[in-house]
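Everything below concerns the one structure shown next.
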Amino acid sequence: MEVVFSVIVLVFSVVIHEVSHGVVAERLGDPTARLAGRLTLNPLKHLDPFGSVILPLLLSLLPGGVIFGWAKPVPYDPRNLRRPARDGALVAAAGPVSNLLLALVFGLLFQFFSAGAAAAAIGELFPSLLAQVVIVNVWLAIFNLIPIPPLDGSKILFALL
């Protein structure tokens, strides 16, 4: 059951990551993601059959518990951005920032539900699930900040250089 929950958390975290890119691009002048119908939290619009379903499920069967995956990247056109170099870095940073914000929110919920009377009332399962959300999102943020193309970290680094 924990593996199924991890895959669900991974899929929704990656969807939020990708939608964040599109939302920031839209606010900076590029409507490409909206016009492509990709500014939605509907995971079906973002699923990459191999990267979102097949690979995570195959990895869940292997020892070690490492689950990895990706969604279809949300499209954006840097020519539509007001300041392409700076705004491209902001669009790239939006994904990892969204993962860190998710980790922060669920980390605070973890702290609340794993302390005192709340922990006694709900048991250990719910805080464990909250911790899983935090772990998945921190790893997604760290991984995406690696400065190797096509990861977000490379776009941020190129803008800084």
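Closest non-hydrogen pair, Pro96 versus Ala141, comes out as O-CB, 3.7 Å. Nearest approach of Leu39 to Gly22, heavy atoms of both residues: CD2-C, 3.4 Å. For the pair Gly37 and Thr40, the tightest heavy-atom approach, listed with the atom from each and the gap, is O-CG2, 3.6 Å. The shortest non-hydrogen separation linking Ala85 to Ala159 is O-CB, 3.5 Å. Here the closest heavy-atom approach between residue Pro127 and residue Phe110 is recorded as O-CD1, 3.1 Å.
Under the 4.5 Å side-chain heavy-atom criterion for Ile, Leu, Val, Met, Phe, Trp and Tyr, Phe158 and Leu145 are members of distinct hydrophobic clusters. Cluster membership for Val134 and Leu125, using ILVMFWY side-chain heavy atoms within less than 4.5 angstrom, is shared. Tracing side-chain contacts under 4.5 Å through hydrophobic residues (I, L, V, M, F, W, Y), one reaches Leu41 starting from Val14; they form part of the same cluster. With hydrophobic clusters built from ILVMFWY side chains whose heavy atoms lie under 4.5 angstrom apart, Phe143 does not share a cluster with Leu157. Under the 4.5 Å side-chain contact rule for hydrophobic residues, Leu129 and Leu10 share a cluster.
Applying the ring-ring contact (aromatic ring centres under 6.0 Å, His included) criterion to Phe126, with sequence neighbours excluded, gives Phe113. Partners of Ser20 under the side chain to side chain contact (heavy atoms under 4.5 Å, CB included) rule, at least two apart in sequence or in another chain, are Ile16, Ala94, Ser98. Scanning for side chain to side chain contact (heavy atoms under 4.5 Å, CB included) contacts around Leu28 gives Val24, Leu81, Arg82, Arg86, Asp87, Leu90, Val91, with sequence neighbours left out.
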Report the C-alpha separation of Leu140 and Val136 in whole Å, then their side-chain angles, then the decisive distance to 0.1 Å, and conclude whether the side-chain contact (heavy atoms from CB on, under 4.5 Å) test is met.
-> CA-CA 6 Å; Leu140 275 173; Val136 165; 4.2 Å; yes
Going through the distances and angles, do Thr32 and Val74 end up as a side-chain contact (heavy atoms from CB on, under 4.5 Å)?
-> CA-CA 9 Å; Thr32 305; Val74 168; over 6 Å; no
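Glu18 has its side chain within reach of Pro73: a pair of non-hydrogen atoms, C-beta onward, lies under 4.5 Å apart.
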Using atom types as modelled, flag every donor-acceptor pair under 3.5 Å from a side chain in residues 99-107 to any protein atom, sequence neighbours excluded.
| unit_1 | atom_1 | unit_2 | atom_2 | d |
| --- | --- | --- | --- | --- |
| Asn99 | OD1 | His17 | ND1 | 2.6 |
| Asn99 | ND2 | Asn137 | OD1 | 2.9 |

Acceptor/donor pairs from residues 55-69 side chains to any protein atom, 3.5 angstrom cut, sequence neighbours excluded:
| unit_1 | atom_1 | unit_2 | atom_2 | d |
| --- | --- | --- | --- | --- |
| Ser60 | OG | Leu57 | O | 2.6 |

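With rounding to the nearest 0.5 Å, the separation of CG in Leu130 from CZ in Phe112 is 11.0 Å. With values rounded to the nearest 0.5 angstrom, Ser13 atom OG is found 12.0 Å from Ile135 atom CD1.
Using a distance-only test at 3.5 Å, with no hydrogens or angles considered, a donor-acceptor pair links the side chain of Asp30 to the main chain of Asp77. Formation of a donor-acceptor pair under 3.5 Å by the Lys155 side chain with backbone atoms of Pro149 is not found in this model. Distance alone, capped at 3.5 Å, places no donor-acceptor pair between the His46 side chain and the Val11 backbone.
Applying the salt bridge (charged side-chain N to carboxylate O under 4.0 Å, His left out) test to every pair with at least one member in residues 33-52, sequence neighbours left out, gives these pairs: Glu26-Arg34.
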